[in-house]
Amino acid sequence: MKDVKILAIESSCDETAAAVVKNGREVLSNVIYSQIDLHTIYGGVVPEIASRKHIEKINQVVGKALSDAGETLDSIDAIAVTYGPGLVGALLVGVSFAKALAFAKNKPLVGVHHIKGHVSANYITYPELEPPFLCLVASGGHTHLVMVKSYLDYEIIGRTRDDAAGEAYDKIARAIGLGYPGGPKVEKAAHEGNPKAFDFPRAKIDEHPYDFSFSGVKSAVLNTINGAKMKGEEINPNDIAASFQAAVIDSMRERILMAIREYGVKSFAMAGGVASNQTIRHALEDACSGVGVSFHCPPPILCTDNAAMIGAAGYFEFINGKRDGLDLNAIPGLQLV
Ligand code: KG4
Ligand code: ZN
């Protein structure tokens, strides 16, 4: 079969990214312009600033992705773009840019779901990996436990009832004065702390045992910090970080092991920005090896937002015949199934 090279574009949040991916598994280029520094002073992503920066950078980023890959707009087979979920103004930049290229060069256009992109980062990392497998997608906006039944067909087993895991990390980071982005900073602080110093809650939702809730642990952390302040007591922020992380890991592990048992899972994967956390990764890898389930997790650069993952997901959509028209729109609340 002829090679299929896809130019992929991602602009759903604060990364302007483009990549060229061959046959869904091989990354020929992966260019990421991160806006993190720009948003740090505001303590989080400012949507209007994100959109403006995407507009400023996208042409350059796409051009570099093509030249790094040694490709041109004429030599690629299709254009894949994230069309949701995400910030509408940010998504629109990528979608409009991709549509303009598709129109100008008469190339097929494939709209990609951002979460399917995160999951597909595993196809790049593990060329042999094929569905079905269980996947924990944990990012700044989403926490989903999904059964990936085929490349295109997903079943959601559990989801967060309130905060996403990454969002909880970001809020804890703010509470202990570490700033934005929170995930990597809390992970680092947790290395220096005692995970048993505080017993933060591991929430369970009676009727929906696979659903997550991180707002309880977040409130418990805030109460602990405020209580100590009122009493004039010192608390070690590293202990808070480590105890918070232990609660997050326990709630993930419990649900994953339960799903492995109930669904007869043989293969498990992680995806999303939170999957770049090495402590979580090692804990879940141990849990899987304890029950004989093969474990997968992309390297950090493919866990946080990037376009290579969109190129991988776009490839499987493309070879299965998905084509979008020039009426493709950004859908900020796009559902997974
Ligand atoms: O997937 P991603 O790059 O963007 C979204 O689609 O949301 O995820 C970003 C989220 C942020 O909330 C960030 O704090 C979290 O992933 N994150 C981490 C780590 N690195 C990034 N959370 C925990 N530990 C990390 N090392
Ligand atoms: Zn993401």
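For ligands, and for the atoms within them, numbers begin at 1 and follow the listed sequence. Model, not experiment: these values are computed from the prediction. The figures that follow rest on heavy atoms only: side chains count, while hydrogens, waters and symmetry mates do not.
Of all atoms in ligand 1, numbered sequentially from 1 with element shown, those under 4.0 Å from a heavy atom of His114 are 6 (O). In summary, the atoms of ligand 1 found under 4.0 Å from a heavy atom of Asp170, numbered by their order in the structure, are 11 (C), 12 (O), 13 (C), 14 (O). In the vicinity of Glu187, heavy-atom distances shorter than 4.0 Å reach the ligand 1 atoms 25 (C), 26 (N). Short contacts between ligand 1 and Thr304, defined as distances under 4.0 Å to a heavy atom of the residue, involve ligand atoms 3 (O). When each atom of ligand 1 is checked for a heavy atom of Gly166 under 4.0 Å away, the hits are 12 (O), 14 (O). Short contacts between ligand 1 and His118, defined as distances under 4.0 Å to a heavy atom of the residue, involve ligand atoms 1 (O), 6 (O).
Heavy atoms from both the backbone and the side chain of Pro184 come within less than 4.0 Å of ligand 1. At a 4.0 Å heavy-atom cut-off, ligand 1 does not touch His142 at all.
Atom-to-atom distance recorded for Lys229:NZ and Thr224:OG1 is 12.0 Å, nearest 0.5 angstrom. Taking CG of Asp286 as the reference point, atom CZ of Arg281 lies at 11.5 Å (rounded to 0.5 Å).
Asp68 and Ser29 are not linked by any side-chain donor-acceptor pair at a separation below 3.5 angstrom, with hydrogens and angles left out of the test. Asp305 and His114 share a side-chain donor-acceptor pair at under 3.5 Å.
For atom 3 (O) of ligand 1, the nearest non-hydrogen atom of the protein is Asp305 N, 3.1 Å. Distance from atom 25 (C) of ligand 1 to its nearest protein heavy atom, with residue and atom name: Gly183 C, 3.5 Å. Annotation: atom 24 (N) of ligand 1 to nearest protein heavy atom, Asn277 ND2, 3.0 Å. Counting only heavy atoms of the protein, atom 9 (C) of ligand 1 lies nearest to Gly140 N, 3.7 Å. Nearest non-hydrogen protein atom to atom 20 (N) of ligand 1 is Ser276 OG, 3.2 Å.
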Check the pair His54, Ser11 against side chain to side chain donor-acceptor pair (under 3.5 Å), reporting the backbone distance first and the verdict last.
CA-CA 7 Å; His54 285 312; Ser11 70; 4.8 Å; no
With side chain to side chain donor-acceptor pair (under 3.5 Å) as the criterion, how do Ser243 and Gln245 come out once you've worked through the C-alpha distance, each side chain's angles and the decisive distance to 0.1 Å?
CA-CA 5 Å; Ser243 303; Gln245 186 160 274; over 6 Å; no
Test salt bridge (charged side-chain N to carboxylate O under 4.0 Å, His left out) on Glu254 and Arg202; report intermediate values, then the result.
CA-CA 10 Å; Glu254 188 191 352; Arg202 278 81 168 143; over 6 Å; no
Evaluate the criterion side chain to side chain donor-acceptor pair (under 3.5 Å) for residue pair Asn236 and Glu192; output intermediate values, then yes/no.
CA-CA 10 Å; Asn236 181 348; Glu192 312 300 322; over 6 Å; no
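Ring centroid separation for the pair Phe316 and Tyr123 comes in under the 6.0 Å cut-off. Aromatic ring centres of Phe244 and Tyr169: separated by under 6.0 Å.
Using the six-membered ring where Trp is involved, His144 and His142 have ring planes that are parallel, under 30° apart on the 30 and 60° scheme.
In this structure, Gly141 is part of the shell of residues with a heavy atom less than 4.0 angstrom from ligand 1. Residue contact check for ligand 1: Glu15 places no non-hydrogen atom closer than 4.0 Å to it.
Comparing heavy-atom distances from atom 5 (C) of ligand 1 across Gly273, Ser139, Ala190 singles out Ser139 as nearest.
The atom name of the N/O/S atom in Asp305 closest to the Zn ion (ligand 2) is OD1.
Geometry at the Zn ion (ligand 2): NE2/His114 and NE2/His118 form an angle of 90°, nearest 10 degrees.
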